[in-house]
Amino acid sequence: MQVFILDRTKCCPKYTEVSITETMPVDDGDNMNTDTGYVFKNVRSGLYLSIEDSVAAAGTNVIQTDSYTIDASIWSLSYAGDGYYYIISHLGDGQTYYLDLDYGLVENGMNIGIYTNTYSDAQLFKFIENEDGSYSIATKNTADNSCLAVEDDSNSDGTSILQWEISDTDYQHWWAVESTIKVSYTVDTGCTYMIKNYNSGLYMDIDGGTKADGTNVQQWGADSSASYNTWALVSAGNGYYYIISLLDDGQTWYLTVDDGSSTSGTNVAIYTNDGTSAQLFKFVENSNGTYTIYTKSSKDTCCLEVVDYSTASGANIVQATSDSGSNQYWILEKIDSIEVVKLLHRLKPPLPQRLL
């Protein structure tokens, strides 16, 4: 670019020609899907962009690893304009930790980690498609002249990811593979809920109020809260929650996908805590204010639904492939604070069930 500057030191105004080098972005970038999660697989090493030791903390290093099923290897994209995206980790609540160029510096070898949102160019990246369909993930701070690369062109698990000047090598190329894992909504765990199906208007309910492993979970009509149709939510980390019935002490009976299956159509029931993904659920908010409740055992491909769109009390609840049907939408109705519930459970003799 040429700029002409007026030289006011002369009797007659004249322009002095000055040459200025201006760095411009090299590519508009590709349009990416912001409604899904991704795993990014290095073309040369075959390993995945991941957070070291799955530590959800500002400053944690980003590495390549051989596992892509953990939340530390799953990322969401948020469009920031001008072809750039925020790359957000699914660790923690799935909304807090952003891929980050260390100090936003432009030199080769600068480290890549995660950090809370700094609203800076250090957290903006552009996806430039290569001839083979992979991507160079360019950094805005360098005006797209540098990108994410594997340190020392290594194939080793645990190797750090750095910024390096684009040189069109496979160590700088990444496959962007859409993941089934969803970004969860942060749910208030300070209260209890009745969980109402959007299609039927009926509530998630424990069959007969029976306190035993394997008792079926169904939908049933209700005018008020009871221990068998009211639930507490407890965060398990990484966007997942336990859904715990208020039966007994309110801490014993967990909503559970039978056998921890990933298969559509699998039944859900209550069991004592078994420490597996069968008892972990994710709440994803829909545009109408309802929630889809995904199951971790299916890697978020399935969610809770009322069978056959039934509007009858007693209709079964299962996990099924997510299809955005109204029978898969749920409304969270707040009931009591957790502290009130704890107080009620401590009172003797036991209160009538309708008060629990």
Side-chain angles (χ1 to χ4, degrees), residues 184-185 187-234 240-258 265-271 278-286 288-295 302-320 322-338 340-341 344-345 350-356:
S184 75
Y185 177 83
V187 181
D188 181 1
T189 57
C191 60
T192 58
Y193 296 90
M194 294 176 72
I195 303 175
K196 182 166 70 175
N197 188 260
Y198 179 69
N199 178 65
S200 67
L202 304 181
Y203 293 90
M204 189 181 295
D205 174 283
I206 296 171
D207 188 12
T210 301
K211 296 172 281 188
D213 279 338
T215 302
N216 195 44
V217 173
Q218 60 187 5
Q219 69 173 5
W220 201 272
D223 295 323
S224 61
S225 170
S227 60
Y228 50 79
N229 65 16
T230 306
W231 309 81
L233 305 180
V234 176
Y240 291 97
Y241 293 83
Y242 296 108
I243 303 177
I244 306 172
S245 170
L246 291 199
L247 284 174
D248 276 349
D249 59 0
Q251 303 175 45
T252 300
W253 302 107
Y254 287 63
L255 191 67
T256 307
V257 177
D258 279 353
T266 301
N267 197 52
V268 294
I270 58 166
Y271 288 85
Q279 296 177 335
L280 296 178
F281 301 86
K282 181 178 288 183
F283 292 79
V284 175
E285 189 173 20
N286 302 307
N288 61 359
T290 64
Y291 298 89
T292 302
I293 305 175
Y294 289 94
T295 60
C302 291
C303 62
L304 301 185
E305 76 164 28
V306 175
V307 171
D308 295 331
Y309 286 84
S310 176
T311 58
S313 286
N316 202 28
I317 296 173
V318 300
Q319 79 168 3
S322 176
D323 62 11
S324 299
S326 60
N327 62 330
Q328 297 181 345
Y329 289 176
W330 300 87
I331 298 167
L332 299 182
E333 295 186 353
K334 290 186 178 182
I335 305 301
D336 280 320
S337 74
I338 291 295
V340 168
V341 171
L344 294 179
H345 280 300
L351 290 172
Q353 196 171 52
R354 65 182 177 82
L355 295 181
L356 294 178

Inset, instruction - Using the side-chain contact (heavy atoms from CB on, under 4.5 Å) rule, take Thr295 and Phe281 through it: C-alpha gap first, then chi angles, then the decisive distance, then the call. - result: CA-CA 5 Å; Thr295 60; Phe281 301 86; 3.7 Å; yes
| query | Around atom CG of Asp323, are there more than 12 heavy atoms of other residues, nucleotides or ligands at under 6.0 Å? | reply | yes
Across all chains, not counting sequence neighbours, the side-chain hydrogen bond (donor to acceptor under 3.5 Å, both in side chains) partners of Asp207 are none
>> Is the shortest side-chain heavy-atom distance between Val268 and Val318 below 4.5 Å?
In response: no
Residue set satisfying side-chain hydrogen bond (donor to acceptor under 3.5 Å, both in side chains) with Asn216, at least two apart, ordered chain then number -> Asn267, Asn316
Evaluation steps, side-chain contact (heavy atoms from CB on, under 4.5 Å), between Met204 and Leu304 | CA-CA 10 Å; Met204 189 181 295; Leu304 301 185; 3.9 Å; yes
Closest non-hydrogen atoms of Lys196 and Gly201, given as atom of the first, atom of the second and distance, are CD-O, 3.4 Å
Residues at least two apart in sequence or cross-chain that pass side-chain hydrogen bond (donor to acceptor under 3.5 Å, both in side chains) with Asp213, listed by chain then number, are none
Interatomic distance, CG@Asn229 vs OH@Tyr193, rounded to 0.5 Å, equals 15.5 Å
To the nearest 0.5 Å, atom CD1 of Ile331 lies from atom CG of Asn288 at 8.0 Å
Rounded to the nearest 0.5 angstrom, the CD1-OG distance for Ile270 and Ser245 is 6.0 Å
Interatomic distance, CD@Gln219 vs CG@Asp205, rounded to 0.5 Å, equals 9.5 Å
Correct closest heavy-atom pair for Ser310 and Ala315 would be OG-CB, 3.3 Å
- Query: Does any N or O in the side chain of Tyr198 come within less than 3.5 Å of the main-chain N or O of Thr290, such that one atom is a donor and the other an acceptor?
  - Reply: no
Short side-chain donor-acceptor distance under 3.5 Å, Thr230 and Thr192 | no
Residues Ala222 and Met194: closest non-hydrogen pair is CB-CE, 3.9 Å
When rounded to the nearest 0.5 Å, the distance separating CD1 of Ile195 from CD1 of Ile317 is 8.5 Å
Exercise for the section: For side-chain contact (heavy atoms from CB on, under 4.5 Å), just list the numbers for Thr311 and Asn199, CA-CA rounded to whole Å, side-chain angles, deciding distance to a tenth of an Å, and then say yes or no. Expected result: CA-CA 7 Å; Thr311 58; Asn199 178 65; 4.0 Å; yes
Nearest heavy-atom contact between Gly314 and Trp220 is N-CE3, 3.3 Å
Go through the steps to decide whether Trp330 and Val306 satisfy the test side-chain contact (heavy atoms from CB on, under 4.5 Å), and finish with yes or no. CA-CA 10 Å; Trp330 300 87; Val306 175; 3.8 Å; yes
Do Leu202 and Asn197 come within less than 4.5 Å of each other through their side chains, counting heavy atoms only? no
Output for pair (Phe283 CZ, Thr292 OG1), nearest 0.5 Å, gives 10.5 Å
Worksheet entry | Parallel, tilted or perpendicular: ring planes of Tyr254 versus Tyr242, cut at 30 and 60 degrees | perpendicular
Exercise. Count the heavy atoms belonging to other residues, nucleotides or ligands that lie under 6.0 Å from OH of Tyr240, then report whether that count exceeds 12.
Key: yes
Quick check against the 3.5 Å criterion: does Thr215 have a side-chain atom that pairs as donor or acceptor with the backbone of Thr210? yes
Between Ser324 and Tyr329 the two heavy atoms that sit nearest each other are O-OH, 3.5 Å
